[in-house]
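First, the structure itself, so that you have it in front of you.
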Number of protein chains: 2
Amino acid sequence: MSVTQPVRSPRRRAPRNSLNADRILDAAIRLLDCHGAEAFTMRALAQQLGVGTMAVYSHFRGKDEISDAVAQRLLDTIELPPAGSGDPRAELREVCLGVYRLFSEHPSALQLLTLRPMRGDDAISVIDRMLGLLCEAGLSRTEAARAHVALMQYTVGSALWNTRRARALCDDGVRDRVRAKIDALPSDRYPSLVSLAPELMRVQENGAAQYERGLDAMVEGLLGGR
Amino acid sequence: MSVTQPVRSPRRRAPRNSLNADRILDAAIRLLDCHGAEAFTMRALAQQLGVGTMAVYSHFRGKDEISDAVAQRLLDTIELPPAGSGDPRAELREVCLGVYRLFSEHPSALQLLTLRPMRGDDAISVIDRMLGLLCEAGLSRTEAARAHVALMQYTVGSALWNTRRARALCDDGVRDRVRAKIDALPSDRYPSLVSLAPELMRVQENGAAQYERGLDAMVEGLLGGR
DNA sequence: ACCTGAACACCGTTCAAGT
DNA sequence: ACCTGAACACCGTTCAAGT
């Protein structure tokens, strides 16, 4: 009997035009979400697409261009709340939560954004919406700009913080090591930390709830009694 | 005439014990601050130390261990304000500014922290100090823990945001490209963004000032009238 | 045009060897 | 013990070639 199907097929030539930018970006996002930024490799990407490594280069100039396109696509999927509720404060909260949710659901996208330098590809509609709401809430032009930047910084920082924490905790035995380190702390030198360690842990257990509390505080501080 | 000194010296064997953990960390930080995280390479590090690549491995298990040690050392250099001024709110501000300054002065350290998963090596004394001040300001245990996390998240987010922005702007022509992109934006679709673009730019020009404004807002929101 | 493998210049790290 | 170069398994990307 002749071997009609080789055991280790050297992969047949991929059919013409079966590859395109969208399929590549889908695969990239899947790779990033499932296996993290360090698994996002040109070779892994091509393999997941069932194609030779260099096939991808027919559709993108290189890895950087793919990274930017991934970031762009993800930023565009941020869901905005319906407009015109008459409560700019509540709407503002929802917009921020939308941004936070995206980064929480796609942690490696956040990593990607921090790695690649900034480009003009920000989430335009999100920015516009936030600025509009801040003005509507009674802030001056400069105050609105300041408030917007502050809210974005807090949101990005929170998502990043939680991502890092989650990555560490799902790792083996890190949780125990941290716990041991805290227990070993001299309570006369670090009284507040030792005393509040349980609260510190508990509060970070639910990242989204913690984010909302901080968000409320920041919005309160920014809008005040207005 | 015989060649006594070869043109390209193959580097003499480094004298015994001339290398140690501290010298390695110094070189690593210099490398990170001067040439960015992507230039932080085992080979570059060894070359800067005038030593074979593998010599470093006699003092650290690998690159990850060096990264962690660098982060640890930098976190320990955060300057805390003198205690007992009787104004916890002002002291809290100073502590946060100290953290912000460290990350602004060592941007690649921040990148390092976001890359490496979290460990128990946080800035213990900073955390303890902040928690103490928050309690002193009248917050409950849980509120203090929440406030501390929120402040750290905002601080990290701000530093990261500015770092990214700075890296992009010092690059060639990115500034013009962003400006052009904004000018091309349809002002009927993004009225607030188009209108407030100058303020958005201006406000981010001075990252530290912007950080302080947001910090004041967050502290106000967290501590309220207390 | 789209896709291919071989090859190049990097990277972190293992290993056996020198002193 | 401390330091060395060669070698290994990766990486992104260039290139000449196939269809």
Side-chain angles (χ1 to χ4, degrees), chain A residues 6 8-29 31-32 34-71 108 111-112 114-117, chain B residues 6 8-29 31-32 34-71 108 111-112 114-117:
Chain A
R8 187 182 62 81
S9 90
R11 200 187 57 254
R12 277 164 159 42
R13 179 167 258 267
R16 205 76 164 191
N17 292 334
S18 63
L19 199 59
N20 57 54
D22 272 332
R23 276 199 56 209
I24 292 175
L25 292 183
D26 285 341
I29 292 174
L31 206 55
L32 282 163
C34 295
H35 300 97
E38 72 283 355
F40 174 38
T41 283
M42 283 293 123
R43 286 168 159 91
L45 184 59
Q47 194 172 23
Q48 191 164 108
L49 288 161
V51 105
T53 306
M54 295 316 299
V56 181
Y57 284 81
S58 301
H59 301 265
F60 290 95
R61 206 182 297 277
K63 197 185 180 184
D64 287 351
E65 200 171 288
I66 299 179
S67 299
D68 289 336
V70 165
S108 41
Q111 235 176 316
L112 218 74
T114 68
L115 252 56
R116 301 274 315 134
Chain B
R8 189 182 60 82
S9 89
R11 201 186 57 254
R12 279 164 157 43
R13 179 167 259 265
R16 204 79 162 191
N17 291 336
S18 63
L19 200 60
N20 60 53
D22 271 332
R23 277 199 55 211
I24 292 175
L25 292 184
D26 285 340
I29 292 175
L31 207 56
L32 282 163
C34 295
H35 300 98
E38 73 283 355
F40 175 36
T41 282
M42 284 293 122
R43 285 168 160 94
L45 183 60
Q47 194 172 22
Q48 191 163 110
L49 288 161
V51 104
T53 307
M54 295 317 297
V56 181
Y57 285 82
S58 300
H59 302 264
F60 290 95
R61 206 182 295 278
K63 197 184 181 187
D64 286 351
E65 199 171 286
I66 300 180
S67 299
D68 289 336
V70 165
S108 41
Q111 236 177 315
L112 219 73
T114 66
L115 252 57
R116 302 272 317 134

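Quick note on labels: first sequence line is chain A, next is B, and so on, each numbered from 1.
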Compare every heavy atom of B/H59 with every heavy atom of B/A55, then report the nearest pair and how far apart it is.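 Closest pair (atom of B/A55, atom of B/H59, distance): O-CD2, 3.6 Å.
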The test is side-chain contact (heavy atoms from CB on, under 4.5 Å); show your working for A/T53 and A/Q47 and say whether it passes. CA-CA 7 Å; A/T53 306; A/Q47 194 172 23; over 6 Å; no
In dot-bracket form, 5' to 3', how is DNA chain D paired? Count Watson-Crick and G-U wobble pairs only if both distances fall under 3.5 Å, and write | where the partner sits on another strand. ||.|||||...|||||.||
For DNA chain C, determine which residues of residues 40-49 of chain B have any heavy atom closer than 4.0 angstrom to one of its atoms, and list them numerically.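 B/F40, B/T41, B/M42, B/R43 - these, ordered by number, are the residues of the stretch whose heavy atoms sit under 4.0 Å from the strand.
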Taking the six-membered ring of A/Y57 as reference, does the cationic atom of A/K63 (NZ for Lys, CZ for Arg) lie under 6.0 Å from its centre and within 45° of its axis? no
Rounded to the Å, how far apart are A/E38 CD and D/dC11 C1'? 14 Å
Length of the CG-P vector between B/L115 and C/dC11, whole Å: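 For the pair B/L115 CG and C/dC11 P, the rounded distance is 16 Å.
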Going by number, which of residues 60-67 of chain A have a non-hydrogen atom under 4.0 Å from DNA chain D?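 Nucleic-acid contacts, sorted: A/G62, A/K63.
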Calculate the interatomic distance between A/R16 atom CZ and C/dT4 atom P; express it in whole Å. 11 Å
Rounded distance in Å - CD1 (A/I24) to C1' (D/dG12):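 The answer, rounded to whole Å, is 15 Å.
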Run the side-chain contact (heavy atoms from CB on, under 4.5 Å) check on B/T114 and A/Q111 step by step: do they pass? CA-CA 8 Å; B/T114 66; A/Q111 235 176 316; 5.9 Å; no
Spacing of A/Y57 atom OH relative to C/dT4 atom P, expressed in whole Å: 14 Å
Of all the nucleotides listed (D/dG12, C/dA6, D/dC2), which has the minimum atom distance to the side chain of A/M54? C/dA6
All heavy atoms of B/A28 vs all of B/L45, minimum pair found to be N-CD1, 3.5 Å
Counting only heavy atoms not in A/Q48 (residues, nucleotides, ligands), do more than 12 fall under 6.0 Å from its CD? yes
Would you sort out whether B/I29 and B/F40 count as a side-chain contact (heavy atoms from CB on, under 4.5 Å), showing the intermediate values? CA-CA 9 Å; B/I29 292 175; B/F40 175 36; over 6 Å; no
Say whether, by atom type as modelled, one donor and one acceptor occur between the side chain of B/E65 and the main chain of B/R61 under 3.5 angstrom.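 Yes, B/E65 side chain to B/R61 backbone: donor-acceptor pair under 3.5 Å.
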Might you point out which heavy atoms bring A/A39 and A/A44 nearest each other, and give the distance in Å? O-CB, 3.7 Å
Indicate the atoms forming the closest heavy-atom contact of A/G52 with A/A46, along with that distance. O-CB, 3.6 Å
D/dC3, C/dC2, C/dC3: which one has an atom nearest the side-chain heavy atoms of A/S18? C/dC3
Candidate pair A/L112 and A/D68, rule side-chain contact (heavy atoms from CB on, under 4.5 Å), full reasoning: CA-CA 8 Å; A/L112 218 74; A/D68 289 336; over 6 Å; no
If the cut-off is 4.0 Å, is A/H59 near the phosphate of C/dC3, judged by side-chain N/O to OP1 or OP2?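 Yes, A/H59 has a side-chain N/O under 4.0 Å of OP1/OP2 on C/dC3.
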Among C/dT13, C/dA1, D/dT4, which nucleotide sits nearest the side chain of B/A14? D/dT4
Within the modelled atom types, does a donor on one side and an acceptor on the other bring the side chain of A/R13 and the base of D/dT19 under 3.5 Å apart?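 A donor-acceptor contact between them is absent.
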